[in-house]
Q: 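Got a structure for you, questions after.
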Amino acid sequence: MEHLAVVAQGVSMTLLLTLSSLLFGAIGGVPLALGRRSRIALVRFIARALIELLRGIPPLAWLFIIYFGVGTGVIELSSFAAAVIGFGLVSSAYMAEIYRGGLTAIHEGQWEASDALGLSRAATLITVIGPQVLRVSIPAAATFAIGLLKDSSVASVIGVQDTIYWASHESTVSGDAIVPFLWAAGLYVAMTIPCAWATRLLDAKLRKRVAR
Amino acid sequence: MHEDAEQDRTAISLESVVKRYGDHTVINDVSLSVREGEVIAIIGPSGAGKSTLLRCINLLEVPDSGRVTVEGNHVDAGIQISHKDLVRLRRNVGMVFQSFNLFPHMTVLRNISLPQERVLGRSRQEADARSMKLLERVGLADKAQQYPSRCSGGQQQRIAIARALALDPHVMLFDEPTSALDPEVGLEVLAVMRELAAEGMTMVVVTHEMQFAKDVSDRVVVMAEGAILEEGDPADVFTAPTMDRTRQFLRAVLER
């Protein structure tokens, strides 16, 4: 039990890192998703290439590249900032693909009605298409978020003091190789289950209201 | 600038409009002129290009060649159409779709008010007041706070009409407005359209409702294979069509 108090210190950092990266990705995914649908072939190509690049390189490699590559040069980056940027970039690519799926689920008539009413492209995206895409994207985004919560443990490698960092620390200090990590495992499960629950609830609620 | 009275009374004019999808010519050199306050019914077999022609009027489909004029705003197909021209032309044109196309994530009231705020710059208060007036007119004031999914198809289509009218269009386009509805439910939509026609709205209606075409329209346009077969007074077209193809089509729809 004495291990738990130490390992649990990292929970807030795990949550903060996950939420920050997710927010980064939720915003960064928008221009990438729109770029994928651009009328200009070059923009489509660049968006696609960026997505493949961001997804294709493992998060750990991104963290090293950003923390040791970029972060030690002209700009000083904390390990937390480096981790948010790294996971945020990867999340942007995944969120872009989730949005893209959501966009294809929107009936063509929504665009046509907006055009016929004379809404500008920006107004159409912000008021008509965007909210509907966000709604249909919730289940896929939640699945991704749960994955991200677990993957965020990789950030301990560059010194972010998250749950795994403290488990590893406690393991070294106490000489117990197993129990601190079992506590960490338990804490991760305890974090993901309410998350899955909440999204299911939210999804059902929204579905009920706008069911077609 | 055309100042002569004849020009001023023309609401819509299509000149030699051509629309192709790949090798397939959907609209083949069609010209059509609609006077201010006139109600036109476009009928004909499916695949005739009726909907495409209608969608060329507000440039949801951009013709490959020809010229579209609505309320004095010209657009020449074939040259790059500026966004400004597009917006200016559409400002005068309301459209009602077969599938309603209400915004499912907004209440009925927001559906009607939002475009007014975004397009005409009305305040929320002004927009809501106008929306409520129109909802009352189509008999759905009690649905203002509901979501469209809670409304029947006929109600959704009446809301869609109110949404289009809220922008004060000079011309209304209807693309098979009752085709997705049960016959009985379609009547409530047709009733609203009749009222609109009686008030002098310029209307172009693509429809399979022959009774509506007969009773309400000033002129019937019969299309087949991307061209206008014939057009004229509904009484003449329905009783004494000049073309064989028209006769064949009318027999199919009237004598079933």
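Quick note on labels: first sequence line is chain A, next is B, and so on, each numbered from 1.
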Q: So B/F103 and B/H105, would you call those rings parallel, tilted or perpendicular, with 30° and 60° as cut-offs?
A: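 Tilted, since the angle between the ring planes falls between 30° and 60°.
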Q: At a heavy-atom separation under 4.5 Å, does B/R55 approach chain A through its side chain, its backbone, both, or neither?
A: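 Only the side chain of B/R55 comes within 4.5 Å of chain A.
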Q: Write down the atom of B/L109, the atom of B/Q145, and the distance for their closest heavy-atom approach.
A: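 Heavy atoms of B/L109 and B/Q145 come nearest at CD2-NE2, 3.7 Å.
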Q: Determine the sole option in A/Y99, A/F144, A/F24 for which the ring pair (Phe, Tyr, Trp, His ring centres under 6.0 Å) test with A/Y94 is passed.
A: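 It is A/F144; the other options fail the test.
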Q: When heavy-atom pairs shorter than 4.5 Å are enumerated against chain A, which of B/L60, B/L59, B/N58 gives the highest number?
A: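 Of the candidates given, the most pairs with chain A belong to B/L60.
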Q: Hey, does the side chain of B/N111 reach the backbone of B/T107 with a donor-acceptor pair shorter than 3.5 angstrom?
A: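 Flag set: sc B/N111 to bb B/T107 pair under 3.5 Å.
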Q: Side chain, backbone, both or neither: which part of B/L102 has a heavy atom under 4.5 Å from chain A?
A: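 Contact with chain A is through the backbone of B/L102 alone.
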